[in-house]
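This is a predicted model, so every value here is computed, not measured. In what follows, every chain begins at residue 1, and chains take the letters A, B, ... in the order their sequences are listed.
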Amino acid sequence: MVEAFRRELGNSLAAIAILVAVLGVAYPILRFIAPGYAIYLTYGVIWSIAALGFNLLYGYTGLLSFGHATFIGIGAYTVGLTMKYLGLRELEPMLVTAMVASAALALAVGPVVLRYGGIFFAIFMLAIGQILWGFYLKFYHVTGGTDGIKIGRVELLGFDLGRIDYLTYLTIYHYYVLAIAAIAYIVMWYIVNSPLGYSLKAIRDNEVRARALGIDTLQLKLIAFTISAVYTGLAGALLAPLTRLVSPELAYWFVSGKIVFMTILGGASYLIGPIVGAIIYTYLESIAMGYTIYWYLLLGILIIAVMILSPRGLMSLADSLLTRARLRWGVWQRPS
Amino acid sequence: MALPIYVLDTLFYSSLLFLIIAGLNLIYGILRVVNLAHASLFTFGAYATAWITTSLIVPRLGENLLALMVLPLVLAVILVILVSLALVTPLLRYSQGRGDAFQLIVTFGLLIIFEDLFKLIWGPHPVSAYNLFFQMGFIDIAGLRYPVYKFYVILLTAILALALWYVTYRTAFGLVLRASSMDPHMATALGLNTSRFLFIVIVLASALAGLGGSLYIPVASVQLGLSTEFLVIAFVGMVIGGLGSFVGAVVGSLIVSSLRTLTLIVFPELELVVLYLVAVIVLLWKPEGIGGGRGW
Amino acid sequence: MVSRRDFIKGLVGGLIVGAVAGAGAVYVAGPRREEVKPPEVGARIPTTPLKVGLQYMTKGGGAAWGDPTYKGARLAIEEINAAGGILGRKLEFVERDEAGADATKAEFEKLITIDKIDVHFCCISSGNTPALAPIAEEYRVLTFFADGCTDILFEKVVPNPRFTFRITNIQSADGVTAALGAIKFFNLMEKDKVRVAHIHPDYAYGRNAYQHIQVVFEKVLGKDRVEIVYEGWPKLFGVTDFGPYITSILASGADVLATSLWAADWINFYKQALGYGLFKKVKVVSTISHGIAPHMVGSDYPDGQIAGVHANYYFLYPEHESYPLNRDFVRRYYERWGEYPTNGSEGAYVSVYLYKSAVERAYQALGRWPEPEEVIPFLEGASILGPAGILSIRARPPNKHQGYKNAITGISRVDPKLGFSIVADPLRIPIERVTVPEGWEGPTEPTMTYNWIKATWREGVLPI
Amino acid sequence: MAEALLRVDGVYKYFGGVRAVDGVSFSLGWGERLFIVGPNGAGKTTLVNLISGYLKPDRGRILFKGEDVTALGLAERVRRGIARSFQLVTVFDNLTVAENIAVSVASRLGRSRVAYRTLTSYRDVVEEVERILEVFELTDVASKYPTELSQGDRKILDVALTFALKPSLIILDEPTSGVATKDKHSVMERLIKAFDVTGVSSIIVEHDMDIVFRYARRVVAMHEGRVLADGDPASVRGNEEVRRILLGGVYA
């Protein structure tokens, strides 16, 4: 019976385990063969948490937020402000605070913004993001304006890493981030396969019908929005120790566009799509930036090409190739 | 004593915004696509006008007032239309009916392509052509000097808005326009060649944006990032006025521009925050916008 | 207006700063008559070229600033290579973009980890130096900031720097110099009341300029004689139509407009302001109007305004004929790039030579190519004679590793021969008169110079 | 039978001057099945809209399980056991047949909000999904997507979704519309069988007289908002007015 509940390629715990293993093993290898590119793996993993959160809203609930940088900003500034004003150095309480702050914001604006779907929701989120961005920029005395807030080395799990070599610090941080990401991935797997996850998909497919089945769609969307905010806020908080500076740029609407693109690139209908997308995008951006000053041009063409040629993303491309191979053994699968 | 100047400056800025928002609303009204790359045509118009003025007109014809007024504007708008036909039109037509996400992402791609095309063609430095601004001279208002050029832009846009109003409410084409913006199938139902109709709408919208850019350049320089600056503000105007309507474009551009001037006078610290805050309030209070809700 | 005596006084002032600072050695920037002998075989110098990172804003609104700075660094590199390199090692440069703080930092990390640079020359924006300095310290890469002059860098972000140095005069000197220039040239001491309007870009540099102009006005003129009638904070490179700002300034009835708008923002502002007749009604004090490539300040620029050059250097001073170091630099720069150098060009040029002389000194002491750590002692407290005069690197806090040279400002005047507006009647201010001295202790909010002025200047007295 | 499941008591609904429902009264027992027939514009859809709560009557009362539900909204009536499916098939196209039903079952069990364990780990949900699949003969297509199903199967899935809410009364608005003629009988047969097995009451609006007289035990015939006849198929068919207006003499 349970087989009737589809487990597509890339939606299983096994796929997550393989992915995490690859991200763990790739780091020392990169450090060895292309040391400059290792740090992007950490960035990619962090962005993947944000994209995963975004995708619960977009891929699973059908709500396109064009303002998820809002929560990146909340997360990053939580770290920055607690460090600056409370002198906190332990990362864990800051992560928790960031998640709580993101959830609080989501619960505050959610009941209002979720009344609208489609383009209105997208614009609404954009506006909220820009309000906060304007706040970081203009409330100079609190946030440091464009100077941002400097982030020193953080303490992880109670260990003071202030004295060790910077590259070792970065390596430790990578595995720290990866461990958190692994938990986040697994939790997301549970969410997606839970009654909530299926109900969200139902809302995405047909909200009116879902309501007719007695589902309180507004409440469920609010839950999804809040979880999504918590994930993205967590990513924002994890970014801060790596960027070493929290500035309004992190909360600019262009960052929202980036998160959207990462998700689409990987494949919004797959659990691991946004993860794959985030890591590939991070490398694409950094390589394109290094190769040519016209990397926007490359990126723009790529965005349009992906949307037209494979609107379901790279995972869907991989999936269809694999499906073709599997058909020989008579196993037929397709994405949901 | 400065009040008349503030009013004029507000009208000037809202003229530019109107030319962008009207196009955005036309495209949204008829195609139900929010075109993130729309303001890029404005920027393109600005770059093209600066280039035509400084490289073609001034070296050949000197600072001839009439030549400066007419030639750069006409040539630039033609160029913008050509670029729109090559890049924007096909993509918008393709995006139609493919969902909000698809449209937003694809036009976002187009937006950043434009940014680099500008860099490729005109380089990273700001480009300006103040010739017309200074050629038209200045007059005294309430004891302050004021550039005649800004009057010219306000007047030209007002005439254009009236013409647009006339087309919308007094012609057969306008009837189809309004009907189709309420029901996308209407154009077909009215026996119109839908494909040609959409084509005209996109070209008209592009021309308006290009015109805006062309009128903008004698006052200030154009630089990379100008598109997003105007896009985001035009977006706010679009939301405040009402998505997809002619009245919305008028109301939205006037309100945003007035708010900008007001905040600059009252609390200059909060310019950006106030704009977005008002947009959020309008969305809550009247999601269809202050002037909208009835189609184009 | 400015006499030879003033200039020598300034030079001596600079020398004193240098001498007190410690090492006291004075190097000379630029090609030398007698070159350091190429090292002998087996002299324990790597045979590989020296990899140099260059990162100055060359795109967007800041390009007008970054481009000449980049050209200054390039000129120095080319000269050094033509003369055989540093201890025989040719310089090879890798250029990456300076943009927003995050992107700049990411590109910097690539320079370190992928391009494996030996030394880094960088930065225009004071938004970027605080982002990069901690990274440079973490990776132990010698980094010379040409600009990005914010006081917070060495007062708060890296209060005890090891690998980061900054060449341009500290930011607070900019506002202080402009304000002193205004008081002196506009005879503000004689006025009963001075109504000041401010317009600054909304970020570190603008905030800093505002605070220091204000503190000097209030201290020198007296608090009750200064009234702020307007403040405008346009977003850096985010506003193009300044109409409402200009109207507000005019409506405020200000006597003096103080501004730190720069590059494209300032060009847009002054062109539009011409249209509104602003310069006929208000005297303008700019910290930085003449800081971009000199020919970019058009012949329509109004005469008689305070023309700032970022409190640093203008290519006409020290006087061409009497100071060969500047004359030759300007000539070589013009021959290479077809334009006149800016303060950024000079800063970047001197950075490269400063590094060269420190490495050579270290080599003399160690007998081998020095590790980055081993170069530091030869930079701390060192002085170098550059086109702008003497530059001294501070060895102790506050503002350890900051370079100091005498500040300059002047009056704008269109030069008929050159065909653009120049800085005329230069007012040279000994730097030690306008900045927090070594060893001073006090609050850092907003800057130490600010608090130092508040605490030590005598009210109602012009300190120059 | 102590109390009727549903009692419609003198219900009126006017749209402007049009009398869509003009004083209709009838009652429905537990487990009973009722077909409503009538020409276009007879007021059938308005009547079921009034019963399910999409519309409120101008006059009259609707009693469900002995309670007056006239003033209650749609959601409240769903909670009390009135479920309804539409002419157009609306299912969740990107969920499998089993998943579609599971969403509905989870909603009924109040588990839609649970995020910390998987849906399939709930034995009761899975067992009920299995039972419903069996009852509606959808077990073979359980792992297919609705887009891969035949029109008939999609229709049945739609009803099964509604059925999964365990309503006391199911209202179907023209369940065989849009289904190919050759499949109409099999669709109706499977639906009726499922209803009989589970004993749920039903009101079915139907156009096709062939189907009505084959599967009905009780028929209400409507015309211009009024009830023409109410009774077993034979007596309704025998009604003079019904024959004139509805049947056009075909079944004479």
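Across all their heavy atoms, D:Leu119 and A:Phe5 have their closest contact at CD2-CE2, 3.8 Å. For the residue pair D:Tyr116 and A:Tyr190, the shortest heavy atom distance occurs at O-CD2, 3.6 Å. D:Phe92 and A:Asn206 make their closest contact through CE2-O, 3.5 Å (heavy atoms, listed as atom of the first residue, atom of the second, distance).
Within the 4.5 angstrom heavy-atom criterion, atoms from both the backbone and the side chain of D:Leu161 approach chain A. Contact of D:Arg84 with chain A is made through the backbone alone, with heavy-atom distances under 4.5 Å. For A:Leu220, the part lying near chain D is the side chain, with the backbone staying farther off; criterion is any non-hydrogen pair under 4.5 Å. Heavy atoms closer than 4.5 Å to chain A are found nowhere in D:Ser121, neither backbone nor side chain.
Chain A is approached within less than 4.5 Å, heavy atom to heavy atom, by D:Ala106, D:Ser107, D:Arg111, D:Ser112, D:Arg113, D:Val114 from residues 106-114 of chain D, ordered by number. Annotation: residues 209-218 of chain A contacts chain D through A:Arg209, A:Ala210, A:Ala212, A:Leu213, A:Gly214, A:Ile215 [non-hydrogen atoms, separation under 4.5 Å].
Heavy-atom pairs under 4.5 Å with chain A were tallied for D:Thr139, D:Val105, D:Asp158; the largest tally goes to D:Asp158.
By the neighbour-count criterion of 12 heavy atoms within 6.0 Å, atom CG of A:Leu309 is densely surrounded, having more than that number from other residues, nucleotides or ligands.
Residues D:Thr118 and A:Trp189 form a side-chain contact, since some pair of their non-hydrogen atoms from C-beta on lies under 4.5 Å apart.
In this structure, the separation between NZ on A:Lys201 and CG on D:Asn100 is 11.0 Å, given to the nearest 0.5 Å.
In this structure, the side chain of A:Asp205 engages the main chain of D:Asn94 through a donor-acceptor pair within 3.5 Å.
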